[in-house]
Each structure stands twice: as structure tokens, then as C-alpha cells.
Amino acid sequence: MLDDPSSVPRQRDDDFSAYVEARRAALLRTAYLMTGDLATAEDVVQTTLAKLYLAWDKVSARDAVHSYTRRILTNEVTSLWRRAWRRRELPVDRLPDVATDPAYDDGTAAALWAFVGELAPRARAVVVLRYYEQLTEAEIAEVMGISVGTVKSQCSRALASLRARVPASLERPDTHERPARSGDGEQ
Amino acid sequence: MDMDLEQQLTAALEGRASGVPVAPADLGAVRSRARSIRRRRAAGGAVAGAAVVALVVPVAMGLGGLRSASEAPPVGPAPATSTPSVPAKVCSSTGVAKPTLPAGLPPAVATTWQQIVDAAAACDLSALEALGADAITSYGDKQGITNLRRWEREGDGKLGVLLKVMATTSGVGPDLGGVRFYGWPALSVRHTWSPLTSAERAELETFQKPSEVASFEEMQMYYGWRVGIRSDGTWLYFVAGD
């Protein structure tokens, strides 16, 4: 216990602020991939951080914060789709405000992204956690509160769906070099 | 082919993610939303959340979650307490003063209050389970009574905390269509925050750390251990966190 109780909230906020600075970008990217909409992703991240803030004192093991935060975020995303008003398709009169990386702007990435966008929300979350966050199946199961077997089947079905829809031109070995992962320093 | 597809999928997701513009974090906005979440939960939102040290009845205390009186389990006589579920020597309530029934509670609420206190003081987890029926649960895993047992077994029991919470001054929530709920400590059901009195602080510090109480004040919300009983006598929750 600190001698000066008034310093506790300050220290708490400093710790939390440092965590937010370090992780917010990564959380926003993950949320965007899961939702496909930047405004929704920002809202999800804001709620995730607010809930984390409320629980900050109880998440004493800092190495557990990442997985705890990821769990909140994933729950927020998947719960969005249980709300009827979110299920409506909203017409848009402008292009998405997130640019793709020019390095992948040959149609491949755009096509895959479009296919990912058509996956069911939970399957999409599994795909993002597996192929973007690079979590193991066991870690995904922990984050989503489902069994490893369910993770495997979700991944398998998602891949099968993508494979069935991907143009033949994408199946041949390509010349893309896999770039360094953006945001690696924040993980 | 799968490997190729997986690699392309990863590359596509990384490429897409790299284009996401990231504005500077606004901690003030986060705190504001945190207050909003807390208020919503206190005023009637689901008490379910992510804390891992929580016990809560899923119907909680919300407008939407309130069951009609006819659906409430009857408040009968206190369950038998002759066979403690946990040996007294390892029970967290051992040595904790057993509070006396406060005056002014509605009869149904008073009955449940006394049953909870009797069971906690006797380390009778089975009785507590019966009082909560199948509604009592923990966040996430719905094994609240299992958690109570496990915590006691592992030396981190909360029955002592439960007794201390029940000893605090009670408060009464708003009238929700003829249904009210009573909460311990009082500030757990207070709709607006006001600075803690010395008496309130002293009560809280019987079961919350001073640093935690400082956090409540800083956040202007109470999210520590709390108990709720509906006006028909239904035990709603014994919960900490959000």
C-alpha cells in the first residue's frame, strides 16, 4: 500500500494511460478487421478501454491484460451483431475511409477482404484472431469462450469458404513477399 | 494450397489493417464512457461483465431483467444449516462478527437478509446455494457457487466479506414499477455520487482496501463488493467489479 493514498489514482491513471498509448492502435486495427467499419471499430475500442478501466485494479497481472482486453473487445464485436439494429445493412454513399496498402492493391487483398467481410461475425472474429493476431487455436478458444474444436471447425469452414470463392489466379504461388507486420512493436 | 491461402489471408488482413488511421487516445473520453457504463449498470443494466471475482444473479436488478413477482422463488424458511459445507477452521467467515438484523427492512427482504447472514456465518455454502437457487452465478462461467466453494477451499474465501457487506448500512433503489431492490452498502444503489462520509469510508474499509476506496472516489462510482435483495425477498447478487 502506498503511504499517500491520494497518489493511488494518479499512479493508476498513469499505468492505464501508458497501456492505452501502447495498445490502442493495435486494438483499433483488430476491431476494424472484425467489424469492417472504422466508426464502429472506434466505438468498440472506446467501450473496451472503458471496461478495462473499470476493471484495471483487478487485473493485477499485467501479462494477462492483453488477453483480457482482447476478450472484452471480441465480446463487444460479437455482441454488436446480436443487436437487431446492427444487423441492418446500411447504404453508404461514399467509399470506405480506410485505404488498402498499395503493396496488395492488385486485387488479391481486396478480394480476400471482401470474402472475409461476408463471413459470419463469429467466424470472422476467429479468422482475424488466427490470421491477423496470430493466436493459437487454444488462445482463440480462451478469448472467445469456446472450445478448441469449435475454433478448428470455424477456421476450417472459413478457409473452405474462402477457397471456394477465391479466383483461380489467387491459388497459384504468387510473388508477394510477406512484409514485416505493421504494429509489431505494439504487440 | 491451404498454406498459400492462409499466407495471402494474413497478408491481406495486415495490409488492410495498416491503412487504419489512428487518432491519439483520449483518456478523458474513456473515463467518461466508463462512468456511463457504470451508471447504466447501477441503474438497471445487466450486472454481467468480465470481472472474474463476481457472483451475480443473471436477472440482476435491471428493468429489463426483473422477473415478475410470480416468477420469483418463494422465500421460505431458512435452509438447514446443520452440516457446514466447509470446515469452520478454514472458513473465511470464522471470527467475523455476525451482524444483527437492521430495522426498517420489508419483511421479505429481512427474511432473506437473515438467511444469508445465518448461512454465511455458519459457512453453509449449500444453504447459500439454495437461497440463490439456480439463479446465482458468476460472470462468464455460471458457476458462482462453485467459485464460492473453491475460494473457500483455496484460502481466498468471500463468506467473511459477505458478512461484512451485510453489516453495512443498506440503501434502497428506485421504484421500478412497484419493485424495488435493497443494496448493501447503501452507495451501491445510490444513483448519484456524493463524497464519502467518514462513516461510509469506515464501512467500506472493513472489506475493501484503502486504495480501492480511493479508486471509487476518483471514479465517482462504487464497484466494490455489494449485495442486492429485491423487495420480494429474492437474493439478486453478491458481486464485485463490473
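Letters A, B, ... are given to chains in the order of the sequence lines, protein chains preceding strands, and every chain is numbered from 1.
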Open item on the list: Quick one, L9(B) and R130(A) - any side-chain contact, counting heavy atoms below 4.5 Å?
Closed with: no

Open item on the list: With chain A as the partner, which of L27(B), V30(B), D26(B) has the greatest number of non-hydrogen pairs under 4.5 Å?
Closed with: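 Option with the top pair count is V30(B).
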
Open item on the list: Return the CG to CG distance between L112(A) and L5(B), rounded to the nearest 0.5 Å.
Closed with: 6.5 Å

Open item on the list: If I take atom CG from residue L54(A) and atom CZ from residue R31(B), how far apart are they, to the nearest 0.5 angstrom?
Closed with: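 Nearest 0.5 Å value for the CG-CZ distance: 11.5 Å.
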
Where do [X] and [Y] come nearest, in terms of heavy atoms and distance?
X: Y131(A); Y: T10(B); value: O-OG1, 3.0 Å
X: A50(A); Y: A34(B); value: CB-N, 3.6 Å
X: A23(B); Y: R24(A); value: O-NH1, 2.7 Å

Task: Residues R33(B) and Y53(A): side-chain donor-acceptor under 3.5 angstrom - done: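 Checked: R33(B)/Y53(A) side chains show no N/O donor-acceptor pair below 3.5 Å.
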
Task: Which portion of V116(A) sits near chain B, non-hydrogen atoms under 4.5 angstrom - done: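 V116(A) touches chain B through side-chain heavy atoms alone.
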
TODO: Could you pull out all residues at least two apart from E42(A) that satisfy salt bridge (Lys or Arg N to Asp or Glu O under 4.0 Å)?
DONE: none

TODO: Under 4.5 Å, counting heavy-atom pairs only, tell me which of V128(A), L33(A), T30(A) racks up the most with chain B.
DONE: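 The answer is L33(A).
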
- [ ] Could you list all the salt bridge (Lys or Arg N to Asp or Glu O under 4.0 Å) pairs where at least one residue sits in residues 141-155 of chain A, not counting sequence neighbours?
- [x]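 Checked against salt bridge (Lys or Arg N to Asp or Glu O under 4.0 Å) - neighbours excluded - the pairs reaching residues 141-155 of chain A are R71(A)-E142(A).
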
